[in-house]
Amino acid sequence: MVAMGRVGVLLLNLGGPDNLEDVRPFLFNLFADPEIIRLPFSWMQKPLAWLISTMRAKKSQENYRQIGGGSPLRHITEAQAQALQETLKQQGQEANIYVGMRYWHPFTEEAIAHVKRDRIEHLVILPLYPQFSISTSGSSFRLLEQLWQDDAKLNQLEYTVIPSWYQEPGYLQAMADLIDQELQRFDHPDAVHIFFSAHGVPSSYVTEAGDPYQQEIEHCTDLIMQTLNRPNAHTLAYQSRVGPVEWLQPYTEDALKELGNQGVKDLLVVPISFVSEHIETLQEVDIEYREIAEEAGIHNFQRVPALNTHPIFIESLATLVVDALNTPPRTFAEVVRPSKKVKMYPQERWEWGMTTAAEVWNGRLAMIGFLALVLELISGQGPLHFVGLL
Ligand SMILES: C=CC1=C(C)c2cc3[nH]c(cc4nc(cc5[nH]c(cc1n2)c(C)c5CCC(=O)O)C(CCC(=O)O)=C4C)c(C)c3C=C
Ligand SMILES: [Fe+2]
Ligand SMILES: [Fe+2]
């Protein structure tokens, strides 16, 4: 059934720096998010975000430089929006598509301003993360919930949230298709080890805060293997760990070494937590993990491309939208998981010149960092300058 009234679809995504100058402010926005670094005191959030983004900027910029000087995420997401609009139209469903990024342009706040400007009556909120995590979809839902609380006008809008959608048959089919296509390029397709690499999160998100992410990733992997219906061996591992705390295991780099030691020669990486090419496929997998794999004796290391605008994938998004318009709406309150502020999660090492110091930040260390920051701001020549961080 086709929904009446003005329909909008809000696609949520992370966002990425468009150029190298954007890297530091992008990182600041990311680390200023309490769903990314969970602190006991909210007043610490911004100073700490400032410190970590400042310390990480150079390394991160170097990674973005290796993939052409910026993230392709904005262009790809806009192309997905365009393709989704056309597919919906073919199915008789007119809809405006909006892109709302969490940490960079076009920001979620801008997207909501456009939704209001266009006087949308029914809004489907669709994160471009197939699986739910507190740190991704959860963070965007929390932000939206806040925008709704701050703006009474938004309450006239009928909205519905799709929390996660990795079970959608079209999505699974598109993933299986991409894998199958890449397998055919190997001399012995059945002998290829299929290596699912998911973006990691700190383990405590799952064990302490109740993030369903790990369970959804595991289930998703099983469903893709069932859809693929081939005899290949497969592994699931977690990539992109930052900081010294424990993240979901096994880590991608360890699992690759292990497989290399076991004599695996042909390996196909399947990025599984994200539907677009981005820095972690183009730089981390294609450059860093390839090097680790080759050193471990995996001579034929290939990767499945991201879905981007794969037609079966875009059709599955259209199906999700149409289904959401035809079922009772789901509110933010139903989909935002409770998150206890349990611990401080250090995401970055302190790199004081030559020494790698604290393994885990504690409150005291954060306090020292904060004082350093204050001194820095007052004098312009404070301790951060002194140790070469700025
Ligand atoms: C489902 C995917 C993602 C999860 C889960 C996730 C959690 C998470 N990420 C960080 C820290 C960083 N993420 C960064 C970039 C980044 N993260 C994702 C996806 C997930 N993150 C994507 C797609 C991207 C890249 C966007 C792009 O520019 O193409 C970065 C910045 C890049 C870098 O410096 O390495 C950081 C830092 C944490 C701490 C976390 C869970 C708590
Ligand atoms: Fe991330
Ligand atoms: Fe990351």
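Both counts, for ligands and for their atoms, begin at 1 and track the order of listing.
- The closest donor-acceptor contact from the side chain of Arg241 to the backbone of Pro244 lies under 3.5 Å.
- Under a 4.0 Å heavy-atom criterion, Leu27 is in contact with ligand 1.
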Self-check item: Stepwise ring-ring contact (aromatic ring centres under 6.0 Å, His included) check, Phe31 with Trp50
Solution: CA-CA 8 Å; Phe31 290 117; Trp50 186 87; over 10 Å; no
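- The backbone N or O of Ile112 lies less than 3.5 Å from no partner atom in the side chain of His114, so there is not a single donor-acceptor pair.
- At least one heavy atom of Tyr205 sits less than 4.0 Å from an atom of ligand 1.
- Contact analysis puts Trp247 in contact with ligand 1, with a non-hydrogen atom separation below 4.0 angstrom.
- Note on ligand 1: Gly243 sits outside its first shell, no heavy atom being nearer than 4.0 Å.
- Heavy-atom minimum distance, Val206 versus Leu248: CG2-CD2, 3.8 Å.
- Which parts of ligand 1 touch Val201 is read off a 4.0 Å heavy-atom cut-off, strictly below it: atoms 5 (C).
- Ligand 1 is approached by Pro17 to a heavy-atom distance shorter than 4.0 Å.
- Proximity of Leu14 to ligand 1, defined as any heavy-atom pair under 4.0 Å, is confined to the side chain (atoms from C-beta onward).
- Counting non-hydrogen atoms of neighbouring residues, nucleotides and ligands closer than 6.0 angstrom, the CD atom of Gln249 exceeds 12 such neighbours.
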